[in-house]
Amino acid sequence: MKKIEDIEKLSLEDLERISLDSSVKVPEGLEDRVRASVEEHSSSKHRILWLAGAAASLVVIASLGLSLRPKPLKDTFDDPAVAYAEVERALLSFTETVNNQMNSIKR
């Protein structure tokens, strides 16, 4: 009986010649055992891929849920008078900009 290392070193021509040699006896049930092993490996691989896909989907859904939830508003001013003054300043600046643009369009 050959060792796996010896078989791996054979060329494709040698492997084909051996496979066509009718004097080599193949153990009974070998094909069934190989087929069962391949099917078992294939089904476990599909199961692992399915589970990995499901886990990745859950991570994406959780990430979206966390990133899309509304963030609580935070006050930036402690004093309402200062906040009002800042809003008034911003609105005056906006009004001046709009008026300047309107005047340049009229010319």
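Atom set for the values below is all heavy atoms of this structure, side chains included, hydrogens, waters and symmetry mates excluded.
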Show every donor-acceptor pair shorter than 3.5 Å between a side-chain atom in residues 54-70 and any protein atom, with sequence neighbours excluded, or say none if there are none.
residue	atom	partner	partner atom	Å
S57	OG	G53	O	3.0
S63	OG	V59	O	2.9
S67	OG	S63	O	3.1
S67	OG	L64	O	3.2

Item to check | Electrostatic pair R35:E31 at N-O distance under 4.0 angstrom | outcome: yes

Checklist entry - Taking 4.0 angstrom as the limit, do D14 and R17 come out as a salt bridge? => result yes

Checklist entry - Does L10 belong to the same Ile/Leu/Val/Met/Phe/Trp/Tyr cluster as L20, with side-chain heavy atoms less than 4.5 Å apart forming each link? => result no

Checklist entry - In terms of heavy-atom contacts, does CD1 of I4 have more than 12 from other residues, nucleotides or ligands at under 6.0 Å? => result no

Checklist outcome for this item: R33 and E28 have their tightest heavy-atom pair at NH1-O, 3.8 Å

Checklist outcome for this item: Rounded to the nearest 0.5 Å, the NZ atom of K25 sits from the CG atom of L30 at a distance of 14.5 Å

Checklist entry - Rounded to the nearest 0.5 Å, how far apart are NZ of K3 and CD of E8? => result 13.0 Å

Checklist entry - CG of N100: more than 12 outside heavy atoms within 6.0 angstrom? => result yes

Next on the checklist: Given 3.5 Å as the limit, does a donor-acceptor pair link the side chain of S19 with the main chain of E16, or not?
Outcome noted: yes

Checklist entry - Would I18 and I7 show up in the same hydrophobic cluster when neighbours are defined by side-chain heavy atoms closer than 4.5 Å? => result yes

Checklist entry - Listed by chain and number, what are the salt bridge (charged side-chain N to carboxylate O under 4.0 Å, His left out) partners of E86, not counting sequence neighbours? => result R89

Checklist entry - Got a sec: does the CZ of F77 have more than 12 other heavy atoms crowding it under 6.0 Å? => result yes

